[in-house]
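Written below as structure tokens is the structure these notes are about.
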There are 2 protein chains.
Amino acid sequence: MPVSDLTTSAQDYLKLIWSATEWSSEPITIGAMAERLGVTPSTVSDGIRKLAKQGLVEHAPYRSIELTPTGREHAVTMVRRHRLLETFLVETLNYRWDEVHDEAEVLEHAVSDTLIDKIDTLLGHPTRDPHGDPIPAADGTPHRPAAGPLAATEPGTNVTITRISDANPDMLRYFAELGLKPDTRLTVLGQRPYADLTNIRIEENGHEIDLGSAAAEAIWVVAA
Amino acid sequence: MPVSDLTTSAQDYLKLIWSATEWSSEPITIGAMAERLGVTPSTVSDGIRKLAKQGLVEHAPYRSIELTPTGREHAVTMVRRHRLLETFLVETLNYRWDEVHDEAEVLEHAVSDTLIDKIDTLLGHPTRDPHGDPIPAADGTPHRPAAGPLAATEPGTNVTITRISDANPDMLRYFAELGLKPDTRLTVLGQRPYADLTNIRIEENGHEIDLGSAAAEAIWVVAA
DNA sequence: CATAAATGTTAGACTAGCCAAACAAACATG
DNA sequence: CATGTTTGTTTGGCTAGTCTAACATTTATG
Ligand SMILES: [Mn+2]
Ligand SMILES: [Mn+2]
Ligand SMILES: [Mn+2]
Ligand SMILES: [Mn+2]
């Protein structure tokens, strides 16, 4: 069964389950899915039950949610669509990197495999999206850079931004204003755990700023 | 209410009603809509009743279907989306003109106004789609070339193809093979009404061919 | 470790799209 | 112009997604 036979919401569910384990490895909860998708937990609970019946996820009531191999395949297809579309919107249509997420969230369900292939060809088989996230290859192989959240980086370290979570468009706009984007170089000046603040210097412009924990968790870095 | 608040099928209904009157002026029937959309008449009948309740069409049971001003506005928006997307797929993504209809049929419901504007700008505000159909301007003004179906053209006339109906992708592929596309020049050699055949010569390659009535109704021409 | 809080599930209701079957109206024609 | 055919409508039933409210299970904590 091709991914296009799944309903739009099934496609979003699978993509979200996969995305949750892309960087952490903690399986996602019903509640977190509901929060992220903007629906109630009962809706998600029911939706997951249906995916389990279709053999796309492993799930017993009140237990964890895991993708089956088939489910993972479809999830990766959707992630690939999403990230290629974001890249296309920035490269070809002059979108800013902080504007593309919502547009891609809808388009990903409407494009054909042919269109995705044409975009991939036109862009020269890109490997990272505008947020720095890896674009899975057509065969589904992911590549995970050795990165960690800015919030967990030792003070005094020089780092480069690898990726910025595209979950929150408002946050992306804020980062764009500050000059924070993939490949920006930073120095972590300090971590204040009780205040939940990370103090950084942006090497490009010398600005020193404090980021709250939501922001410092959304930005992933590697040692420069 | 923006057009994006309408359901996908409501968008298709309005677009189809408008398209039916673009060239003829005969209002479309429930049966013709059902046929064209691949659903049963009962489905369309019910759908039209709902559009009437929303003030988008004028329709009393068993009577004709007419767009209200609001309905027409939304319809033209959808036609514009469809034709700009088709043009974009051909110009930017190397689709052939006989491949784009089905892709646009789905994408038209997923794109934002912003995306349509960006495409329009990138393409330099095109006025005709790959099938020769006029692209309504953003303000909704249509422009209708003085064209008529090939089937109704006097034998002996030299003509240029203005548009080719994109309703049937198989037929488009057939035309593409023959070398028939918008702006192709033809001579009508004869009309055989009882056999429902139109005999033409394609000036580009000198080929003489017979077209059945479905084909000769789908091709619209102007005197050269 | 008993109980309260948090988390997840189920039941029932609503909307939307679709179909088949039964029905109603309009139209065509003898 | 009466009747039969064609066309359109209504009804009832199905799926899918969503919600709220009631309920069940798990987890945290005193
Ligand atoms: Mn989505
Ligand atoms: Mn992204
Ligand atoms: Mn459509
Ligand atoms: Mn077209």
Side-chain angles (χ1 to χ4, degrees), chain A residues 1-17 20 24 26-67 71 74-75 78 105-106 108-110, chain B residues 1-17 20-21 24 26-67 71 74 78 105-106 108-110:
Chain A
M1 183 188 49
V3 73
S4 48
D5 283 0
L6 300 174
T7 64
T8 294
S9 75
Q11 291 174 349
D12 277 336
Y13 284 10
L14 294 175
K15 181 162 62 81
L16 178 53
I17 296 165
S24 74
E26 284 291 290
I28 196 169
T29 63
I30 296 282
M33 289 188 66
E35 167 92 38
R36 183 67 186 278
L37 295 166
V39 297
T40 62
S42 63
T43 301
V44 175
S45 178
D46 203 47
I48 293 293
R49 199 176 43 71
K50 285 177 191 158
L51 289 179
K53 199 157 49 184
Q54 292 174 81
L56 300 171
V57 303
E58 207 93 57
H59 177 65
Y62 298 104
R63 311 310 300 280
S64 71
I65 303 160
E66 313 269 6
L67 293 168
H74 288 147
M78 292 310 299
E105 195 60 56
V106 178
E108 65 192 5
H109 310 291
Chain B
M1 183 188 47
V3 74
S4 48
D5 283 0
L6 300 174
T7 65
T8 293
S9 77
Q11 290 174 349
D12 277 335
Y13 283 12
L14 295 176
K15 180 161 63 80
L16 178 53
I17 296 166
T21 57
S24 74
E26 282 293 289
I28 196 168
T29 63
I30 297 281
M33 289 188 67
E35 167 93 36
R36 184 67 186 278
L37 295 167
V39 296
T40 61
S42 62
T43 300
V44 175
S45 178
D46 203 46
I48 293 293
R49 200 176 41 73
K50 285 177 191 158
L51 289 179
K53 199 157 47 183
Q54 291 173 82
L56 300 171
V57 303
E58 207 92 56
H59 176 65
Y62 298 103
R63 312 310 301 278
S64 70
I65 303 160
E66 314 269 6
L67 293 169
H74 289 324
M78 291 310 299
E105 196 58 57
V106 179
E108 65 192 4
H109 310 292

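Sequence lines set the chain letters: A, B, ... in the order given, protein chains first and strands last, and positions in each chain run from 1.
Closest to the Thr7(A) side chain, of the nucleotides dT9(C), dG17(D), dC19(D), is dG17(D). Listed nucleotides: dT10(C), dA26(C), dC18(C). Nearest to the side chain of Arg63(B): dA26(C). Across dG8(D), dT10(C), dT10(D), the shortest atom-to-atom separation from the side chain of Ile30(B) is found for dG8(D). In this structure, of dT9(D), dA16(D), dT10(C), it is dT9(D) that holds the atom nearest to the side chain of His59(B).
If you check every strand for non-hydrogen atoms under 4.0 Å, Thr8(B) touches nothing.
Between Glu108(A) and Asp12(A) there is a side-chain heavy-atom pair separated by less than 4.5 Å. Looking at heavy atoms from C-beta onward, Val39(A) lies out of side-chain contact with Met33(A) at the 4.5 angstrom threshold.
Here Leu37(B) contributes atom CG and Lys15(B) contributes atom NZ; the two are 8.5 Å apart, rounded to the nearest 0.5 Å. For the atom pair CG of Leu51(A) and NE2 of His59(A), the computed distance is 10.0 Å after rounding to the nearest 0.5 Å.
Regarding Tyr62(B), its OH atom lies at a distance of 12 Å from the P atom of dC27(C), rounded to whole Å. Per the geometry, NZ belonging to Lys50(B) stands 6 Å off P belonging to dA16(C), to the nearest Å. Between the C1' atom of dT15(C) and the NZ atom of Lys53(B) lies a distance of 11 Å, rounded to the nearest Å. Distance CD (Glu35(A)) to C1' (dA6(C)): 15 Å, rounded to an integer number of Å. Protein atom CG of Asp12(B) is 17 Å distant from nucleotide atom P of dA16(C), rounded to whole Å. As a whole-Å value, the separation of Leu37(A) CG from dG8(C) P is 14 Å. Rounded to an integer number of Å, the gap from CD1 of Ile65(A) to C1' of dT7(C) is 12 Å. When rounded to the nearest whole Å, the span between CG of Asp5(B) and P of dT15(C) equals 17 Å.
A salt bridge does not link Glu58(A) with Arg63(A): every distance from a Lys NZ or Arg NE/NH1/NH2 to an Asp or Glu carboxylate oxygen is 4.0 Å or more.
Within the 4.0 Å cut-off from OP1 or OP2 of dG17(C), not a single side-chain nitrogen or oxygen of Thr43(B) is found.
Applying the 3.5 Å distance criterion, the base of dT20(D) shares a donor-acceptor pair with the side chain of Ser42(A).
Between Asp46(B) and Ser9(A), the residue anchored closer to the 5' end of DNA chain D is Asp46(B), taking for each the nucleotide with the nearest heavy atom.
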